[in-house]
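On a predicted model such as this, the values are computed, not experimentally measured, just so you know. Starting from 1, each residue takes its place in the sequence as its number.
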Amino acid sequence: MKSRFLAYQILNKVIHAKMPLNEAMHMADDNKAKPFIQALCYGVCRNYPRLEVILETYLKKPLGRKDLAIKIILLMGLYQLIEMQVADHAAVYETAAIARRVKKTSAVALINAILRSYLRTHKQQEKTWQESLIYRFAHPLWLINKIKTDWPAHWQQILLANNQLPPMTLRVNENKISRKGYYNKLIQCQYLAKFCEFSPCGIHLLTPVDITKLPDFYAGYVSIQDEAAQLAAEFLAIKPEMSLLDACCAPGGKLLHQLERHKGIQVLALDYDAKRLAKVRENLNRSQLNCELVQQDILNLQSSYQQRQFDRILLDAPCSATGVIRRNPDIKINRCKADILRASQQQLQMLRILWQNLKPQGLLLYVTCSIMPEENEDVITKFVAIEPNVRVKKIDSTSGQNLKYGLQILPGEINMDGFYYCLLVKD
């Protein structure tokens, strides 16, 4: 029961307090049952809309906001019965025990009744549930409709990809070892792996492993990074002795990649979040790399930074993260349509501010892990209309889809996360 109660606490942080799931999961770091807890928490979040459809079938009246704890407990119970290899009686008993633990004893009878009703009738109900798009695709209806409108030829592929377990992809630090050399180390450890198709330093692990078990991880030989994110270093085309501003650097994957590839470049890395910056420092130390790292909000850029000029700027802009739902399934729960509009306004503002820091003939790479046009091509369209000295440079890549402005990689496309890239030249 301890593991299930900890899973409940994590899910409560995500659903009630809106904490990102990957942050809340740190509560289980020292728990021996972490694999079970992680499977339960990620499974509930990934299937949350579908589980809601099932739950509504058995409720005589909807649960109110004050009953959120009961709802979370019920969804945990349903997920165990549906997807996890847990004995039915154990799933029912242990789920009800959580209610007692959180002083919701009055709900125990309801929890027992609903879970047992599901066991008796779910086969008969399946046909009715399948009529619901929410049930079939396990996404909230607003998001289904939005993706269907934006990507009419790809919407089902995107939704299905969002529900898959993501690959574990490595980025080899070629300052320390070649990709082939590190691949051989993996094979010696009996890890199955294959080279990435588009990133020259990427390796896919066919079966995920604990990162601490990776050869020479703590010596900085390798980092975890999706192949789509690794492409940023290729597109920026940095040369020795150039200067780079990484404007929203946390958690640091793209920053480390640039430092690994280009010795001697001058780098200023900024981020507004102190906790996330601490993670960047940790990764820099692990890889024996260094740069000027500063806590700074781009939207309130200090005058000393406003005056500095750079050959290259990387703006990995805060966004809805709708391209990485398979890694962050809590997005299905905690995002809403209004978030996309707010993000797009902020992104345009950031572009306008940072454009003043770019040298003539310099390059700015605009990046999001979103698939929403409002945060991607629409932002660039508005920016080009405002700024007279901006030119969009075509990205030469066989991955993704070339748009009028920029390159869009869709979730699951060539086994990558969803990313948008646009390269801007200052004439």
Side-chain angles (χ1 to χ4, degrees), residues 150-151 153-154 198-199 227-239 242-249 254-255 257-258 261-262 265 270 298-299 301 306 308-323 340-341 343-411 413-414 416-427:
D150 292 339
W151 300 100
H154 304 279
F198 299 100
S199 170
E227 185 178 8
Q230 294 181 33
L231 299 180
E234 303 297 318
F235 299 154
L236 262 176
I238 291 182
K239 298 176 182 177
M242 278 188 172
S243 56
L244 167 68
L245 169 60
D246 189 337
C248 300
C249 68
K254 298 179 184 68
L255 171 64
H257 196 182
Q258 300 289 358
R261 283 171 61 107
H262 308 291
I265 61 170
L270 309 177
I298 297 304
L299 296 176
L301 202 60
Q306 289 175 348
R308 294 176 64 173
Q309 296 280 292
F310 297 87
D311 299 292
R312 299 286 188 268
I313 295 178
L314 173 61
L315 174 55
D316 192 352
C319 67
S320 64
T322 45
I340 298 168
L341 176 60
S344 67
Q345 292 170 341
Q346 185 183 66
Q347 291 153 356
L348 181 59
Q349 191 177 353
M350 285 183 168
L351 265 178
R352 298 193 69 186
I353 290 169
L354 292 169
W355 195 245
Q356 310 311 311
N357 293 93
L358 188 64
K359 291 180 181 180
Q361 301 308 309
L363 299 179
L364 186 153
L365 183 62
Y366 176 77
V367 186
T368 75
C369 54
S370 169
I371 61 168
M372 299 301 173
E374 293 93 332
E375 298 179 274
N376 297 338
E377 195 173 22
D378 291 358
V379 170
I380 302 302
T381 300
K382 291 174 183 176
F383 184 63
V384 169
I386 295 168
E387 291 290 342
N389 60 343
V390 59
R391 174 168 50 90
V392 178
K393 183 177 181 180
K394 186 177 184 299
I395 294 175
D396 186 18
S397 177
T398 55
S399 61
Q401 303 185 33
N402 282 295
L403 309 176
K404 180 183 177 183
Y405 294 145
L407 176 77
Q408 179 72 66
I409 300 170
L410 295 175
E413 190 174 2
I414 332 171
M416 292 194 280
D417 288 345
F419 268 80
Y420 173 81
Y421 286 103
C422 190
L423 198 55
L424 305 173
V425 184
K426 192 171 191 177
D427 287 332

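Between Cys248 and Leu315 there is a side-chain heavy-atom pair separated by less than 4.5 Å. Side chains of Asp150 and Met372 form a contact here, defined as non-hydrogen atoms less than 4.5 Å apart. Side-chain atoms of Leu364 and Leu351, non-hydrogen and from C-beta on, do get closer than 4.5 Å to each other. In this structure, Gln401 and Leu410 have side chains that are in contact, with non-hydrogen atoms separated by less than 4.5 Å. For the pair Leu301 and Gln356, the minimum side-chain heavy-atom distance is 4.5 Å or more. Cys422 places a side-chain heavy atom less than 4.5 Å from the side chain of Val392. Considering only heavy atoms from C-beta on, Phe383 comes within 4.5 Å of Leu424 through its side chain.
The two residues Thr381 and Tyr405 make their nearest non-hydrogen contact at OG1-CD1, 3.5 Å. Here the closest heavy-atom approach between residue Ala233 and residue Arg261 is recorded as CB-CD, 3.6 Å. Nearest heavy-atom pair, Asp311 versus Met242, reported as atom, atom and distance to 0.1 Å: OD2-CA, 3.5 Å. Contact record, Asn402 with Ser397: ND2-O, 4.1 Å, taken as the closest heavy-atom pair. Nearest heavy atom pair, residue Val379 against residue Ser344, reads CG2-O, 4.0 Å. Minimum interatomic distance between Ala228 and Asp417 (heavy atoms only, all atoms of both residues): CB-O, 3.6 Å.
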Query - Steps toward side chain to side chain contact (heavy atoms under 4.5 Å, CB included) verdict (Lys254, Val367) - result: CA-CA 11 Å; Lys254 298 179 184 68; Val367 186; 4.2 Å; yes

Query - salt bridge (charged side-chain N to carboxylate O under 4.0 Å, His left out) between Lys382 and Glu374, intermediate numbers included - result: CA-CA 10 Å; Lys382 291 174 183 176; Glu374 293 93 332; over 6 Å; no

Query raised in the report: Going through the checks in order, is the side-chain hydrogen bond (donor to acceptor under 3.5 Å, both in side chains) test met by Gln258 and Asp246?
Result: CA-CA 10 Å; Gln258 300 289 358; Asp246 189 337; over 6 Å; no

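Put simply, OG1 on Thr368 and CG on Asn376 are 3.5 Å apart, with the number rounded to the nearest 0.5 Å. Rounding to the nearest 0.5 angstrom, the gap separating the CG atom in Leu231 from the OH atom in Tyr421 is 5.0 Å. In this structure, CG in Leu363 is found 9.5 Å from CD1 in Ile238, a value given to the nearest 0.5 Å. Between Ile313 atom CD1 and Leu236 atom CG the span is 10.0 Å, to the nearest 0.5 Å. For the atom pair Lys359 NZ and Ser243 OG, the distance stands at 4.0 Å (nearest 0.5 Å). To the nearest 0.5 angstrom, Phe235 atom CZ is 9.0 Å from Leu423 atom CG.
Each of Val384, Ile380, Asp427, Leu358 was scored for a side chain to side chain contact (heavy atoms under 4.5 Å, CB included) with Val390, with one residue passing: Val384. Of the candidates Ile371, Leu407, Leu403, Tyr420 forms a side chain to side chain contact (heavy atoms under 4.5 Å, CB included) with just one, namely Leu403.
Side chain of Gln408 to backbone of Phe419: a donor-acceptor contact under 3.5 angstrom is found. Checking side-chain atoms of Asn389 against main-chain N and O of Lys426 turns up no donor-acceptor pair under 3.5 Å. Side-chain atoms of Glu227 never come within 3.5 Å of backbone atoms of Met416 as a donor-acceptor pair (strictly under, hydrogens ignored). Asn357 places a side-chain N or O within donor-acceptor distance of the main-chain N or O of Gln306, the cut-off being under 3.5 Å.
For Lys394, the NZ atom is densely surrounded, since the number of other residues' heavy atoms within 6.0 Å is greater than 12.
The side-chain hydrogen bond (donor to acceptor under 3.5 Å, both in side chains) check on Glu375 picks up Ser320, Gln347, Ser370, with sequence neighbours excluded.
Aromatic ring pairs are classed by plane angle as parallel below 30°, tilted from 30° to 60° and perpendicular above 60°; the pair Trp151 and His154 is perpendicular.
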